Every structure is written in structure tokens, then in C-alpha cells.
Amino acid sequence: MPYRLILFDLDDTLSYFEDYWEAACKDAFASFPLTAGLDHARLFHEYEKWNAILDKQYIAREIDVYTYRNQRFLRALAELGLTATWDEAEAFHALYFSLCERHMVVRPDNIALLTQLSQMYRLGIVTNGTVDVQMRKIRACGIQPFFPDSAIFISDQVGVAKPDARIYQVALNAFAVDAKDTIFIGDSWQNDVQGPRAIGITPIWLRRDPHAPIPDASVRTINKLTDIVHVLQE
């Protein structure tokens with residue numbers, strides 16, 4: 001086995017937005033006093049639109065995670081002719097995150113995969129986001145037994161976000177493993193391929209959309225997480 005450490009992205013790699021995103025948003029819209037009486041389908045459409053716009057700015061490190069979250073709420077409301085305060089946006093997101101756990105699911109295939117990999121490799125998570133939210137996802141998805149706190153590296157806690165090389169290096173230092181002995185698996189080309197590769201980690205791109213163009217054919221790709229077993233056996 002040429003590798004000793006496997007680092008995973010969290011969002012849309014081990015935890016999946018499609019499991020909870022729309023349902024939790026609409027739950028929050030219905031429960032939050034400011035949005036309870038609105039057309040939730042229309043509001044979600046605007047919210048999703050602004051999420052996509054602001055996500056690009058967040059990935060480019062033009063805005064921080066709090067601006068990203070709150071502005072998508074404020075701008076979606078503005079599309080419906082309403083205004084809200086920053087504190088109200090914070091309150092909405094606190095409610096949303098508390099409701100996400102209702103809709104997150106444990107995926108048996110992922111549990112079986114992590115059980116198998118944990119017998120042969122050390123495992124870690126490197127993710128962007130805030131500690132409280134990302135830890136909720138890890139618990140709700142049933143994967144926490146495979147990742148003790150010392151194996152989880154969250155940008156809010158580390159102080160830098162992917163694709164900054166320092167967050168991957170923090171993980172390598174914690175495990176005392178060299179980059180050449182490490183694989184990184186994730187769905188974001190910038191964060192989970194370009195970032196790790198820049199410091200010598202071998203990336204494997206989780207190409208969840210089979211029609212997505214492959215920017216660099218030299219990078220190994222998989223279409224579902226469980227395919228990693230076949231890659232490691234080669």
C-alpha cells in the first residue's frame with residue numbers, strides 16, 4: 001500500500017447537500033416568522049440562485065463564510081421586495097442549521113467503505129465551514145466514529161480555508177505523514193484537486209456529474225465515493 005493517509009472533503013463527498021438542502025430550507029422558511037407567510041417555492045428559487053452566485057465568491061476567497069450565508073438570505077428576500085437585518089439573517093441560519101439534522105441521512109455504503117478503509121489507512125477530514133455546522137453534519141451522517149476530533153480540520157478553526165496550502169499542511173503535520181504518502185478525495189476541483197496537488201498530495205476527484213469536463217486528464221477521477229476501493233487496489 002503506497003499511501004498511509006486518506007483525507008476527505010466533507011460537503012458533497014461524505015455529506016450530501018441533496019439529502020437535506022431544499023427540505024431544510026423550506027422547513028426554515030415555514031418556521032421563521034419573517035418568511036412564514038411567503039411563497040416558499042419562489043423564495044427557495046431566489047435563495048438557491050444567490051447561493052450559487054455567492055458560493056463562487058466564497059470559493060475565490062472574496063467574502064467570508066458569514067457574508068456568504070447571510071447575504072444569500074438578505075438578497076433572496078430583496079428579490080421578493082423585503083428587507084431584513086444582519087441579526088435576522090443570523091437567526092434564520094441558526095434555525096436552518098438546527099433543522100438540517102432532521103433531513104440528513106446515514107448512507108450505509110459510506111459506512112461500509114469507511115469501515116474497510118479504516119482497517120488499512122489513517123483517515124481525516126479537511127473541510128471549509130464553521131465548527132458547529134460541520135460537526136453537526138459529521139454526527140448526523142453517522143461518520144464520527146471514524147474521525148476523532150484530532151482528525152478533523154475545519155477552516156473556521158484552523159484559520160485558513162481550502163485551497164490555501166496551509167490547511168492541508170496542518171492536517172499532514174497532525175498525522176505526521178508526508179504529502180507523498182497521502183490521498184485527498186473531494187468533489188471540488190479547486191479545493192480538493194488543485195489545492196492538495198500544489199503541496200504534493202495525490203488528489204482523486206469525485207466527479208459526481210459524469211458529464212462535467214475534466215480539466216486535467218492526468219488526475220484520477222471517480223464517479224461515486226465507493227469507487228475509491230478499486231483505485232487503491234490498482
Side-chain angles (χ1 to χ4, degrees), residues 8-107 110 125-144 147 149 152-162 186-188 191 208-209:
F8 294 89
D9 169 51
L10 178 61
D11 293 314
D12 277 340
T13 299
L14 292 171
S15 170
Y16 303 92
F17 280 117
E18 66 261 28
D19 288 343
Y20 63 87
W21 165 248
E22 182 171 357
C25 283
K26 290 182 177 178
D27 253 4
F29 294 152
S31 302
F32 195 63
L34 191 62
T35 56
L38 301 179
D39 179 339
H40 298 156
R42 183 185 170 198
L43 180 56
F44 179 73
H45 173 76
E46 298 298 341
Y47 190 75
E48 195 168 39
K49 178 185 78 176
W50 280 105
N51 180 71
I53 293 169
L54 293 164
D55 182 59
K56 292 178 181 178
Q57 296 179 26
Y58 174 57
I59 290 173
R61 292 182 282 180
E62 296 169 0
I63 57 175
D64 63 25
V65 66
Y66 301 100
T67 301
Y68 162 47
R69 289 176 184 166
N70 290 342
Q71 283 293 344
R72 68 186 176 190
F73 178 72
L74 298 173
R75 295 189 186 190
L77 281 183
E79 297 282 3
L80 276 66
L82 299 173
T83 59
T85 66
W86 190 267
D87 286 346
E88 286 172 324
E90 290 278 2
F92 171 79
H93 282 100
L95 174 61
Y96 161 76
F97 289 126
S98 72
L99 295 173
C100 283
E101 293 173 72
R102 294 184 185 177
H103 303 283
M104 291 180 184
V105 298
V106 175
R107 296 200 174 198
N110 284 0
I125 291 174
V126 180
T127 177
N128 287 348
T130 56
V131 174
D132 59 336
V133 171
Q134 299 304 79
M135 289 304 299
R136 282 184 182 184
K137 294 175 187 176
I138 290 168
R139 289 191 294 268
C141 292
I143 61 175
Q144 191 172 23
F147 302 99
D149 289 352
I152 300 170
F153 307 90
I154 302 171
S155 61
D156 185 44
Q157 186 175 52
V158 175
V160 289
K162 299 185 296 182
D187 70 298
S188 167
N191 289 346
R208 300 186 69 224
D209 177 0

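Count residues from 1 along the sequence. Since we're looking at a predicted model, the values are computed, not measured.
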Where is the tightest heavy-atom contact between Gly129 and Tyr58, given as atom of each residue plus distance?
-> N-OH, 3.8 Å

For residues Asp149 and Gln144, determine if any side-chain heavy atom of one lies less than 4.5 Å from a side-chain heavy atom of the other.
-> yes

Side chains of Asn128 and Val65 in contact at under 4.5 Å (non-hydrogen atoms) = no

One should read off an interatomic distance between Ile138 CD1 and Ile152 CD1, to the nearest 0.5 angstrom, of 4.0 Å

Can you check whether Glu18 reaches Asp12 side chain to side chain, under 4.5 Å on heavy atoms?
-> yes

Is the count of non-hydrogen atoms from other residues, nucleotides or ligands lying under 6.0 Å from Arg102 atom CZ greater than 12?
-> no

So, the side chain of Thr35 versus the backbone of Phe29: is there a donor-acceptor pair under 3.5 Å, distance only?
-> yes

If only atom types and distance count, is the side chain of Thr127 paired as donor or acceptor with the main-chain N or O of Asp9 below 3.5 Å?
-> no

Donor + acceptor pair across side chains of Thr130, Asp132 (<3.5 Å) = yes

From CZ (Arg72) to CZ (Arg75), nearest 0.5 Å | 12.5 Å

How many angstroms lie between OG1 in Thr85 and CD in Glu90, if you round to the nearest 0.5 Å?
-> 9.5 Å

Tell me, yes or no, whether the heavy-atom count around Lys49 atom NZ, taken from other residues, nucleotides or ligands under 6.0 Å, exceeds 12.
-> yes

Which atoms form the tightest heavy-atom contact between Glu79 and Arg42, and what is the distance?
-> O-NH2, 3.4 Å

Assign the ring pair Phe32 / Phe92 to parallel, tilted or perpendicular, where the plane angle (0 to 90°) is split at 30° and 60°.
-> perpendicular

Rounding to 0.5 Å, atoms CG (Asp19) and CZ (Arg107) come to a distance of 4.0 Å

Looking at CG of Asp11 and NZ of Lys137, how far apart are the two atoms once the value is rounded to the nearest 0.5 Å?
-> 3.5 Å

Pairwise side-chain contact, Leu74 with Trp86, heavy-atom cut-off 4.5 Å (strictly under) = yes

What closest approach, in Å, do Arg136 and Ser98 show between heavy atoms, and which atom pair accounts for it?
-> NH1-N, 3.1 Å

Do Ile143 and Ile125 have side chains that get closer than 4.5 Å, going by heavy atoms?
-> yes

Would you call the rings of Trp21 and Tyr47 parallel, tilted or perpendicular, where under 30° means parallel and over 60° means perpendicular?
-> parallel

Is Ile63 close to Gln71 at the side-chain level, that is, under 4.5 Å between some pair of heavy atoms?
-> no

More than 12 heavy atoms from other groups under 6.0 Å of CD on Gln157 | no

Under the 3.5 angstrom rule, does the side chain of Lys26 hit a backbone N or O of Phe44 as a donor-acceptor pair?
-> no

Between the main-chain N or O of Asp187 and the side-chain N or O of Arg208, is there a donor-acceptor pair closer than 3.5 Å?
-> no

Any chance the side chains of Tyr96 and Asp27 put a donor and an acceptor closer than 3.5 Å?
-> no

Looking only at non-hydrogen atoms, find the nearest pair between Cys141 and Leu14 and report the distance.
-> SG-O, 4.3 Å

Do Leu34 and Leu82 have side-chain heavy atoms sitting under 4.5 Å apart?
-> no

Find out whether His45 and Trp50 are in side-chain contact, i.e. whether some heavy atom of one side chain is under 4.5 Å from a heavy atom of the other.
-> no

When rounded to the nearest 0.5 Å, the distance separating CZ of Phe17 from CG of Asn51 is 7.5 Å

Minimal heavy-atom distance between Ala84 and Leu77, with the atoms involved, is CB-CD1, 3.7 Å

Is a side-chain donor or acceptor of His40 paired with a backbone partner of Cys25 at a separation under 3.5 angstrom?
-> no

